[in-house]
Amino acid sequence: MRKELVEQIKNDPNYQELVAKRSSFSIILTVAMLVVYFAFILTIAFDPKLLGTPLSSDSVTTIGIPIGMGVIVFAFVLTGIYTKRANSEFDDLANKIKNSVKDN
Amino acid sequence: MQRALTFLILSALTLFASDAIQGEVQKQGLNMSAIVMFFIFVGATLGITYWAAKRTKSAKDFYTAGGGITGFQNGMAIAGDYMSAASFLGISGLVYSKGYDGLIYSIGFLVGWPIILFMIAEPLRNLGKYTFADVASYRLKQGPIRTLAAFGSITTVILYLIAQIVGSGKLIQLLFGLQYEMAVVLVGVLMVLYVTFGGMLATTWVQIVKAFLLLAGATFMAVAVMAHYDFSFGSLFSHATELKDASIMSPGKLVSDPISAISLAIALMFGTAGLPHILMRFFTVSDAKEARKSVFYATGFIGYFYILTFIIGFGAIVMVFQNPQYLDMAKHAVDGKFPILGGNDMAAIHLSHAVGGDFFLGFISAVAFATILAVVSGLTLAGASAISHDLYASVWKKGQVDGMAEMRVSKIATVALGIVAIILGIAFEKQNIAFVVGLAFAIAASANFPILFLSMYWRKLTTRGAVIGGSLGLLTAVVLVILGPSVWGEIVMGLKDKEAVAAAIFPYKYPALFSVTVAFVGIWFFSITDKSESAKAEQEAFEAQFIRSQTGIGAEGASEH
Amino acid sequence: MSIFEQRKLIESIHPFGLLSPSVLDDLMEKMDIAYYPKGTLLISKTLSSIAFYIIIKGSVTEFIDDEVYNFYSSGDSFDADALLYGKTEGRFVVDEDLICYEIKKDDFLTLLENKDVQSYFLQDFITRHQQLKEYHNQSDLTPFLISKVSDIYLHNACIVNSGTSIYNALLKQKELKASVILVKNETAYAIVTDTNLKECVLLGKISVDESIEKIASKTLISIDYNDFLFNALLLMTQKSVKRVVVTHDGEVVGILEQLDLLSYFANHSHLVMVQIEKATTLDDLKNLQKELRNIIISLDAKGVKVRYITKLIATLNAKIYKKLFDICVSEELQQSCVLIVMGSEGREEQSIKTDQDNALIIKDGVDVEVFKEPMMRLNRYLLDLGFPPCAGDVMVSNPFWRQSESEYKKLIDIWIESLYGENLQNLSIFLDAKALCGDETLLENLKSYLHVSFQSRDDVLAHLAKAALSFETPLSLFSGFVLEKKHENKLDLKKGGIFALVHGVRSLSLEYKIDATNTIERIKALNNKGIFDKTFATELIECFDTLSSIRLQAMLEAKSVDEMNYINPKKLQKIEIDLLKDSFKVVNKLKKFLAFHFHLNMVS
């Protein structure tokens, strides 16, 4: 166990920034997903009729259909947002940390 | 072992019991042209896979010859792993029979992916570990953790295998007019052969090709259905409601009570991360950026595919339901209902015939069958590796065993898994396969996910906490499934629907809400009360592990393990 | 079997065919037929031989140091040496239930009174080997290197006590006709050669009455009596000495002269070595490649295993590198860098030169540019001397392969981040690095950095190992060869087997932090670590030997570098075809093992 290295990385501002930013970003996105999904599920559990409301009076299509599809699209969009930010910002930070470890 | 034995006895019982109601298994005349098409397409699928894998190796150079797999390709492969029999046959069958309820399943299967990307994929890749057991034993004690991890993985794998075996068994039964039991044995044997002899096959390419064919086939079916209704969902839905009733357009009986709904949601959402054959896919691509992209593309493909299955399910309602060609007329004459040949899971297969004739029926059957084989191979390998590597080599032999012996054990484990899957596949004949997969997810979410998640994020996790809590989670999940309506009510008591629920000792179909809670609370309690020296050391090791999981920098020095 | 048939069988076995009918009749009377079940240990170090065995049915394996050394089956006989010398290094174990003739030890020794038979058994191994070749009784795998130091003529050692005067010592030397004088003091020996005498007594004006100790040189190069002769040759080549002292249980038993050794081996490696040693300019080193080639051809013709040939060639090449390095790099700069060879050169597995892979690691803080000119020169010289250029430009002339230690570390980090294409290739080449001249610790540092960086990186290791599965083994489902139509229906041995074996073993060695670079040594180390079981390790080594030796034939016949890896199976002998097929099966077994071990089905 290389204690000094652990300490050094822990005190690296880039590391703290990476952990703080990525954690909060992951948590926000996770919570967003959970909220949307559980809102959907709990609606089904407690008020199934709500999703069974027709889109318009002469239509058989219920609002549950676009909402369900919407959850799928929402999940896809979230992964896109995360991937975009992680592939640029987070990776850059991680590389900075790696380089600073080497220079010592 | 106890658990496996119980299952064996239960399934043996049901084998005898099912003879009494054998009338349900309906054999039909052989559709020769579809069978010929089936063989041509299975052959062609294998051929394309071989060609695709070969093509990447044509480079002159020794090291670039293996070829890099891009995020897009790997996303396709992940989707291929995921769009198994359960997704295609099971969900379209659910939509066919229950309408909107099928969509609830699809959404649940999908939302696990963003969670994996945000919470699991990144640290897993940085740790450089393939399997759930490897990650969990990173700073915890190898022996107990690997034992537990192996049991969690094996249980999940077996349930997932059952779903695939049931799906392909019914498909083969329908296509070749075989007895269901015969069909299942046939599939099981094929599966073992495929894994044993195809162990070196580049499964990534197998999955890519099959995912592409499945997506293409499903797209064609959905477009053909929509073309009938001038691409108007409104007319499709209204025709469907005319044939069935308006209830198919809104959430129905499937998850009527809040506990079942939440339980299912938890299982589906967190189960994906606990599936032993999925985690490995983050390593297929050679860098982290491509790994993230592959999850993004996979989510896209899977989401698109579920939308297609929804349309296919409704397509089956309008084109297969009440169409005498696909109905079990003998039974229709008895009760006036409209049961389709081979059961609801075969709705998509019948629809393929309705929109594309024998030719397309052969194609879809072949693709579905090949997909199942590929998924099964990945699953069996993961299960066999849990037995040979975690249980045999690491725990039983304490690492004092050579690689060849481990490999031999893995081969034996493959055969054993095949046999168990066949027996249970026969026992689970009447279950909807999407539902069985749901059970696999429930086990994964209860036994594997809590340890995986906490080992990466919670400093205070100790071996004691993980082992006791994890075992409680696994045990609760398995016991509640056995005491629940599906096994106790339907398989053991031979009842159906409401009667089965009433007869069951545990009244809910899904155990996840209870078992996941038990697991988390158990792990938490037995970790914080663990005051041993080793627990302290494990907690101290967290920092280095966390740094590595965040940055990929190995800070644990040379004296690991 | 009738008596007549038995007699025919014995007659057909060399050298019994040389016996007169009456002697043969006599022999037949004395012979017993014996049966030994599978697993019986017939002869070993501790179990001395009681009879000469001629196999009728079944088979026997001879192990030396747990390595399969020879294989005897119907018609073969063993083991004359064990009977003649009363001991053996080998372990003879019955492999398949054995039915054999036994000639009792005494009868066998009587038999040896026959001149022809005696000459056969007492001949030195080379002639015996050739004789056997003529009789088609031996496969090419028969190890030439059975000869030990104890088998060869050793010169008397002239040993004097440390107090002896130079004069008296010289008298004793003359009496014993010894080439050197060994001076024995309480704990060790020192050596006095003609050169010492010349320099000290004739030129240095030391009196002949002085104690001999004064002119003795302390560095004594010795080899054990039971060691292989080939190692003695290697030792002489490495240390540039003309003789080595042979010891047995710590006592000097004689002197082994280079001349005797070389006439035994009958090749020109000493000439080459002397040529390299004496060279002061580049011109002196020219035409060496042809000499090296001749050495390879002659050693191969004598049945020397390819792994020993390549080792000798590697030693000679190292001397050339060292010479050039001395010419090109000033003494003070030499300690700020290390010259390394990589790839097949680093593994010491290159026989015929196909490629050069070399690099320079420069100490941190030293200006990298200072080395540019010397390295360009070194590269030019190497090319002049017939070292073929590297197609991938892995040469010291390329600034990429001429960097500081910390730059190499960054490179290693990059490899771990993304193992793809060129990175993978560079890492693979670098893994075989071996230091030749300069400060070796520079390479050691990088190797340990490599090991720490790859520690428990199962993912990256898998991507590395994956390359071993890049090419199909050219063996069909029904054990036929799969020929390459593009290459006149030939077999590519490198793609088909050697690469997978070398690369797979290399990947495992990185995972288990094995420092050896030579494939066979790596396999042995993996066996020691319990990754391979003994049987599999033996199979792999045999397989590697077979593939290398068949490939060497192709290389010697090839007219261009492109053809070197291709062999035409139609030209192989039956035994070679069988061995090749068996080797490919072992390669497939290794591939399956790699696929399983690294979970390769998930990354390819």
Side-chain angles (χ1 to χ4, degrees), chain A residues 1-3 5-10 15 18-19 22-23 25-30 32-34 36-38 40-46 48-55 59-62 64-65 68-69 71-76 78-80 82-84 86-87 90-91 93-94 97-98 101, chain B residues 71 100 103-104 106-108 110-111 113-115 117-119 122 126 233-234 237-238 240-241 246-247 249-252 255-262 264-265 269 288-289 292-293 295-296 298-300 302-304 306-307 310 540-541 543-544 546-547 550-553 555-557 559-560:
Chain A
M1 172 86 147
R2 294 184 289 174
K3 270 229 160 81
L5 183 61
V6 171
E7 286 306 313
Q8 184 205 330
I9 295 174
K10 251 170 82 183
Y15 174 72
L18 174 71
V19 173
R22 183 158 57 198
S23 305
F25 190 53
S26 298
I27 290 168
I28 290 169
L29 293 182
T30 306
M33 191 69 248
L34 287 174
V36 168
Y37 180 55
F38 274 90
F40 174 71
I41 283 292
L42 292 176
T43 314
I44 290 168
F46 291 103
K49 289 203 186 72
L50 188 64
L51 289 176
T53 318
L55 278 176
S59 154
V60 288
T61 312
T62 54
I65 308 268
M69 302 288 167
V71 177
I72 291 179
V73 174
F74 182 72
F76 176 62
L78 280 191
T79 56
Y82 180 85
T83 304
K84 195 158 184 349
N87 276 5
F90 298 157
D91 273 1
L93 276 171
I97 301 165
K98 278 178 202 164
V101 168
Chain B
Y100 192 85
L103 190 63
I104 302 173
S106 321
I107 294 171
L110 186 75
V111 292
W113 283 100
I115 307 292
L117 178 64
F118 306 153
M119 305 303 260
E122 196 103 14
N126 281 331
F233 280 101
F237 293 146
S238 54
T241 48
S247 74
M249 296 310 295
S250 52
V255 281
S256 44
D257 65 295
I259 292 190
S260 292
I262 298 168
L264 176 65
M269 190 153 197
K289 284 186 173 53
R292 291 187 199 105
K293 276 191 215 160
V295 180
F296 168 65
T299 315
I302 297 168
Y304 170 67
Y306 284 146
I307 295 172
F310 189 68
E540 272 166 13
E543 207 74 60
F546 189 69
I547 287 175
Q550 290 291 317
T551 62
I553 300 171
E556 41 308 76
S559 62
E560 198 208 343

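Side chains included, hydrogens not; waters and symmetry mates left out as well; all remaining heavy atoms used. Reminder, nothing fancy here: chain letters follow the sequence lines and each chain counts from 1.
- Less than 6.0 angstrom separates the ring centroid of F296(B) from the ring centroid of F76(A).
- Contact check for F74(A) versus V111(B): no side-chain heavy atoms found under the 4.5 Å cut-off.
- Looking at F90(A), there are no atoms closer than 4.5 Å to chain B (heavy atoms on both sides), in backbone or side chain.
- The OG1 atom of T83(A) lies 5.0 Å from the CG atom of L117(B); values are rounded to the nearest 0.5 Å.
- Side-chain contact between M269(B) and L34(A): present, with at least one pair of heavy atoms (C-beta onward) separated by less than 4.5 Å.
- In this structure, NZ on K84(A) lies 11.0 Å from NZ on K293(B), to the nearest 0.5 angstrom.
- Residues V6(A) and A544(B) come closest through the heavy atom pair CG2-CB, 4.0 Å.
- Taking CD1 from I65(A) and CG from L103(B), the interatomic distance works out to 6.5 Å, rounded to the nearest 0.5 Å.
- Within the 4.5 angstrom heavy-atom criterion, only side-chain atoms of L42(A), from C-beta onward, approach chain B.
- Per-residue heavy-atom pair counts under 4.5 Å with chain B were compared for I72(A), N87(A), V60(A), D91(A), and the maximum is reached by N87(A).
- Using a 4.5 Å heavy-atom cutoff, the side chains of Q8(A) and I547(B) are not in contact.
- Proximity to chain A is limited to the side chain of F310(B), based on heavy atoms less than 4.5 angstrom apart.
- Minimum interatomic distance between A45(A) and P258(B) (heavy atoms only, all atoms of both residues): CB-CA, 3.4 Å.
- A tilted orientation is assigned to the rings of Y82(A) and F118(B), their planes being inclined by 30° to 60°.
- Considering only heavy atoms from C-beta on, E122(B) comes within 4.5 Å of R22(A) through its side chain.
- Judged by distance alone, the side chain of R292(B) and the main-chain N or O of G80(A) form no donor-acceptor pair under 3.5 Å.
- F40(A) touches chain B through its side chain: at least one heavy atom from C-beta onward sits under 4.5 Å away, while N, CA, C and O do not.
- Of the atoms belonging to V19(A), heavy atoms from both backbone and side chain fall under 4.5 Å from chain B.
- When atom types are taken as modelled, the side chain of T62(A) and the backbone of M249(B) share a donor-acceptor pair closer than 3.5 angstrom.
- Both the backbone and the side chain of S238(B) come within contact range of chain A, with heavy atoms under 4.5 Å apart.
- K49(A) is not listed as a side-chain neighbour of S250(B), based on a closest heavy-atom distance of 4.5 Å or more.
- Only the side chain of F38(A) comes within less than 4.5 Å of a heavy atom in chain B; its backbone stays farther off.
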